[in-house]
Amino acid sequence: MMVKHVFSFLEGDGKNKKLLGGKGANLCEMTQIGLNVPPGFVISTEACVQYLEAPNGELPEGLLDAVKVHMADIERATGKKFGDPDNPLLVSVRSGSAMSMPGMMDTVLNLGLNSQTLHGLIRQTSNERFAYDAYRRFIQIFGKVAMGIPDQYFDETLDAIKVRAGAISDVDLTIEDLKEIVELFHNVVEEQKFRPFPEDVWEQLNIAIKAVFNSWSGKRAVDYRKQFNITLDQANGTAVSIVAMVFGNMGNDSGTGVGFTRDPATGENKMFGEYLVNAQGEDVVAGIRTPRPIQAMAQEMPDLYHQLEELRDRLEKHYREVQDFEFTIEKGILYCLQTRNGKMNATAMVRTSVEMVNEGLLTKPEGLLRINPEHLEQLLYPGLDPNFKAEPLSQGLPASPGAASGKCIFDADSAERIGRAGQKVILVREETKPEDIHGFFASQGILTSRGGKTSHAAVVARGMGKPCVAGAEGIHVDTEHRLAIVGDRVLHEGDIITIDGGTGNVYLGEIPTIEPEFSSYLHTLLDWADESAKLGVMANADTPEAAEKARNYGAVGIGLCRTERMFNAVDRLPLVIDMILADTVEQRKEALNRLLPIQRSDFSGILKAMAPYPVTVRLLDPPIHEFLPSEGELEVQIEDLRRLHDTARLTEKNVESLKLIDPMLHSNYMAQRQGLPAFFASLDLTLIDAALAKKELMLQRARILKEVNPMLGHRGVRLAVSFPEIYEMQIRAILEAAADCIKEGIEVHPEIMVPQVCSVLELEYVQKIIDQVKKEVEESHGVEVNFKFGSMVEVVRACITADELAGASEFFSFGTNDLTQATFSFSREDAENKFLPYYQQQNILPENPFESLDVKGVGNLMKLAVKGGRSVRPDLKIGICGEHGGHPASIRFCHHAGLDYVSCSGPRVPIARLAAAHATMLEKSYDK
Ligand code: ADP
Ligand code: MG
Ligand code: MG
């Protein structure tokens with residue numbers, strides 16, 4: 001039996017996007033719910049795949065016969081005939097796959113025109129101008145898409161006529177101009193292809209179907225799928241929809257436009273869109289004429305505007321999702337030509353979710369589930385600092401929010417090259433085309449001088465979450481000379497500009513940006529998320545400021561406070577180095593005593609910022625030689641100091657380098673010099689000698705401490721076993737800070753966490769130190785200090801002996817970065833720099849296990865630890881504090897593994913909160 005490849009809009013299954021493509025399926029569905037769609041049919045994606053795989057380059061057997069049958073249906077429905085010189089039927093041949101890939105594949109309009117049917121169209125419409133206009137459009141698009149003739153040949157011809165005719169826009173062209181253009185376009189085809197433009201309409205149709213099929217495997221489409229990780233499983237092949245043409249360019253009672261049922265930039269419940277009177281669909285998107293906002297239609301064509309509002313309501317009620325639709329009005333009759341789920345930025349997604357739930361259109365879980373947690377990242381995009389007063393250089397339409405600065409670059413290839421080299425780029429174009437897509441990826445933002453909010457640039461930038469200012473008409477882009485003219489100013493390629501996609505302003509130079517604020521919609525949404533989430537979300541934060549921020553992001557505590565970050569601050573590092581250089585326990589204690597008050601005030605700041613939520617402090621983790629400069633650095637510094645000793649004089653240039661060699665020496669020197677020029681100030685030799693001696697000591701120590709494999713070396717709790725006074729100082733700082741807070745009446749919940757534990761005996765060893773310090777602190781402060789004591793679980797042995805560990809810990813926190821390294825025996829840096837990309841390419845490890853938690857390996861170890869730990873201590877609190885704690889798929893696993901909380905970086909907290917809610921709501925469909 002032959003497979004059915006062709007489906008009329010009346011029979012196609014609107015839910016089967018894989019077979020009919022999104023566009024085709026929705027055309028079927030809209031037809032079947034009674035919306036006014038021109039008659040048509042869909043050729044399936046299966047036919048496409050079959051065609052692309054066929055060795056002979058022919059369409060599947062029987063396909064053309066089926067197409068003929070369906071064309072006859074359209075002929076009946078419209079009363080027109082394909083190829084008929086008196087009453088010709090014209091059609092569009094449209095691409096569309098299961099995944100929306102806007103503008104990445106081809107579509108041919110006005111197919112069926114030739115030198116005969118042209119006159120039929122003129123008689124039919126009594127509109128010669130319109131007919132010639134349609135014809136020249138068809139020759140160009142067919143020539144480009146089906147015959148492979150670059151646009152430029154047609155555009156040059158068109159522009160030449162426009163200049164001669166003094167026409168600013170296409171609408172200014174006369175019938176005579178258009179006739180001449182048609183003739184010249186025919187010549188273009190013959191010159192480029194050595195054959196005439198095909199007259200036979202069935203040949204046209206046959207070639208166009210193949211061309212649309214082929215556009216599935218065109219470079220643009222392939223690149224796009226790669227970039228957005230669209231797999232064959234999600235979309236395989238494009239369908240072809242063949243639709244009777246309706247004409248928006250038949251006069252002033254005709255027009256065309258695109259609409260969103262709600263505003264895709266803000267989410268406001270108000271129709272948003274643009275339209276053009278007397279124009280064909282592609283004109284709006286191509287940015288050739290700047291369209292008018294849809295609301296203007298209320299005055300211009302009130303009756304149609306009313307119809308449009310009705311269409312909008314019916315679309316939303318039916319699809320229960322914001323729709324992005326295309327419409328055309330032919331002589332006062334409204335047709336809907338396409339609908340799909342609207343792509344929106346995160347701001348709009350959040351607002352529409354909240355409002356659609358409040359309107360009763362969606363349930364709360366639906367409102368939460370329609371937002372991809374990763375998408376919220378966009379809300380963390382910076383805006384321009386409002387306190388910074390700057391005059392905009394120019395203004396365009398605010399097409400995609402967010403602010404960005406970078407070098408202005410005038411073409412996509414250069415943008416890609418310069419962006420890849422690590423520079424910030426703003427892609428500046430007159431208008432963008434689908435073939436510019438690689439330039440978008442490499443840019444911080446996009447600026448165009450033509451086109452509206454639904455132009456290509458705007459749509460693509462919004463999809464990517466990149467800032468975009470479109471239609472900044474005051475900017476004249478001169479790509480050839482690599483410059484742009486704005487009034488009397490000239491922007492050269494490489495000049496820094498800033499664009500604000502929220503206002504449409506364009507500025508010269510770099511403008512400071514600020515963090516965004518949470519909208520009330522986001523608060524509502526995340527509150528709903530918290531209602532259903534079982535996992536708590538905490539943050540990784542090392543300073544009171546970071547704790548404050550994390551709190552604003554909705555963190556219910558700190559799951560990881562890394563004390564080594566504090567050690568690295570400039571005012572502390574010298575003390576830390578003294579501690580490292582100490583030869584005796586006494587010397588070490590002396591250095592630690594100077595660190596104690598500093599750490600105490602750090603902890604007290606963080607505890608206060610988070611009160612009354614828990615703060616989990618991890619005791620010192622990295623190997624201590626990490627606080628010393630490297631051997632090589634020290635050697636160079638020592639050599640420099642020796643040279644300095646010999647000359648004992650500095651030039652101004654040397655003064656700067658002195659800062660690098662030895663900051664202390666530098667500041668002493670500056671104090672001593674008291675404003676004299678360098679040449680007159682001699683250096684105090686004794687100071688240099690002291691610095692030298694210290695550096696030599698540091699070098700000696702660096703050599704002793706050097707490890708073959710520091711990741712598996714002298715770090716974590718192992719440090720405490722050899723230098724107990726370090727942990728003792730930290731524990732004292734924590735407990736004293738807590739005691740001080742308690743005395744101030746602040747409720748605090750410190751948790752002390754030991755890293756790199758592999759044996760319960762290590763925990764018991766630390767516990768003894770804690771008991772001693774606790775006693776001392778409680779005595780000296782006169783208050784009882786309550787806290788939790790727990791273990792990081794990041795060593796394989798810890799997972800295996802979790803039952804024992806649980807005997808000595810009140811909580812576990814998985815450190816999945818180290819645990820992943822240990823499970824795979826991969827050192828992260830080497831893996832990511834050297835071989836992981838090959839593993840990913842070869843599909844041996846399709847996902848980087850340092851980004852996405854390895855459920856089978858690391859996950860199973862975690863489950864083992866959860867089971868072991870809770871077998872001994874049923875109320876054991878368990879969380880995760882590695883980077884995976886902010887990764888939605890990993891969060892989903894944590895939910896299933898029975899964890900109590902995840903901890904992630906502050907800005908990812910909202911993402912994790914939503915992901916935690918998703919994990920609960922999707923519980924039943926989890927299959928691992
Ligand atoms: P794309 O996927 O690039 O949007 P479409 O297939 O949607 O391509 O078509 C491009 C433009 O042509 C759209 O504006 C669309 O509304 C318009 N169009 C497509 N088919 C018809 C038709 N039968 N009559 C009038 N306009 C059409
Ligand atoms: Mg479209
Ligand atoms: Mg670790």
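Indexing begins at 1, ligand by ligand and atom by atom, following the structure's order. Just so it is clear, the model here is predicted, and its values are computed rather than measured. Note that the numbering runs from 1 along the sequence shown for the chain.
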Open item on the list: Within less than 2.8 Å, report the number of protein N/O/S atoms around the Mg ion (ligand 2).
Closed with: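 Count of protein N, O, S atoms less than 2.8 Å from the Mg ion (ligand 2): 2.
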
Task: Polar atom proximity, Ala244 to ligand 1 (N or O, under 3.5 Å) - done: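 Yes, there is a polar N/O contact under 3.5 Å.
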
TODO: Could you tell me whether some N/O pair between Arg94 and ligand 1 is separated by less than 3.5 angstrom?
DONE: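 Checking ligand 1 against Arg94, an N or O pair does fall under 3.5 Å apart.
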
TODO: Report yes or no: does Lys23 have a heavy atom closer than 4.0 Å to ligand 1?
DONE: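 Yes, Lys23 has a heavy atom closer than 4.0 Å to ligand 1.
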
TODO: Determine whether any heavy atom of Pro38 lies closer than 4.0 Å to an atom of ligand 1.
DONE: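 It does not, in that no heavy atom of Pro38 comes within the 4.0 Å cut-off of ligand 1.
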
Tell me if a side-chain donor or acceptor on [X] pairs with a main-chain N or O of [Y] at a distance below 3.5 Å.
X: Asn345; Y: Ala265; answer: yes
X: Gln32; Y: Phe9; answer: yes
X: Asp436; Y: Thr432; answer: no

TODO: Under 4.0 Å from a heavy atom of Gln338: give me the atoms of ligand 1 that qualify, with their elements.
DONE: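 Going through ligand 1 atom by atom, the ones under 4.0 Å from Gln338 are 4 (O), 7 (O).
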
Open item on the list: So if I count the atoms of ligand 1 from 1 in the order they appear, which ones are less than 4.0 Å from some heavy atom of Ser92?
Closed with: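 The list of qualifying atoms is 19 (C), 20 (N), 21 (C), 22 (C), 23 (N).
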
Is the contact between [X] and ligand 1 made by the side chain, the backbone, both, or neither, using heavy atoms and a 4.0 Å cut-off?
X: Leu109; result: side chain
X: Val246; result: both
X: Pro102; result: neither
X: Val243; result: both

[Y] and [X] side chains, donor-acceptor separation under 3.5 Å:
X: Tyr51; Y: Glu58; answer: no
X: Gln323; Y: Arg312; answer: no
X: Thr238; Y: Ser95; answer: no

Open item on the list: Testing Phe138, Phe154, Phe185 one by one against Phe197 for a ring pair (Phe, Tyr, Trp, His ring centres under 6.0 Å), which residue passes?
Closed with: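 So, applying the ring pair (Phe, Tyr, Trp, His ring centres under 6.0 Å) to Phe197 and each of Phe138, Phe154, Phe185, only Phe138 qualifies.
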
- [ ] Kindly indicate whether a cation-pi arrangement holds for Lys144 with Phe142, taking the cut-offs as under 6.0 Å to the six-membered ring centre and within 45° of the axis.
- [x]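 Pair Lys144/Phe142 does not count as cation-pi.
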
Task: Pairs involving residues 105-126, ordered by first then second residue, that meet salt bridge (Lys or Arg N to Asp or Glu O under 4.0 Å) (sequence neighbours left out) - done: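 Non-adjacent pairs meeting salt bridge (Lys or Arg N to Asp or Glu O under 4.0 Å): Asp86-Arg123, Asp106-Arg220.
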
Task: Side chains of Thr256 and Phe327 in contact at under 4.5 Å (non-hydrogen atoms) - done: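 No, side chains not in contact.
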
TODO: Report the relative orientation of the aromatic rings in Phe440 and His456; use parallel for angles under 30°, tilted for 30 to 60°, perpendicular for over 60°.
DONE: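 If you compare the ring of Phe440 with that of His456, the planes turn out perpendicular.
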
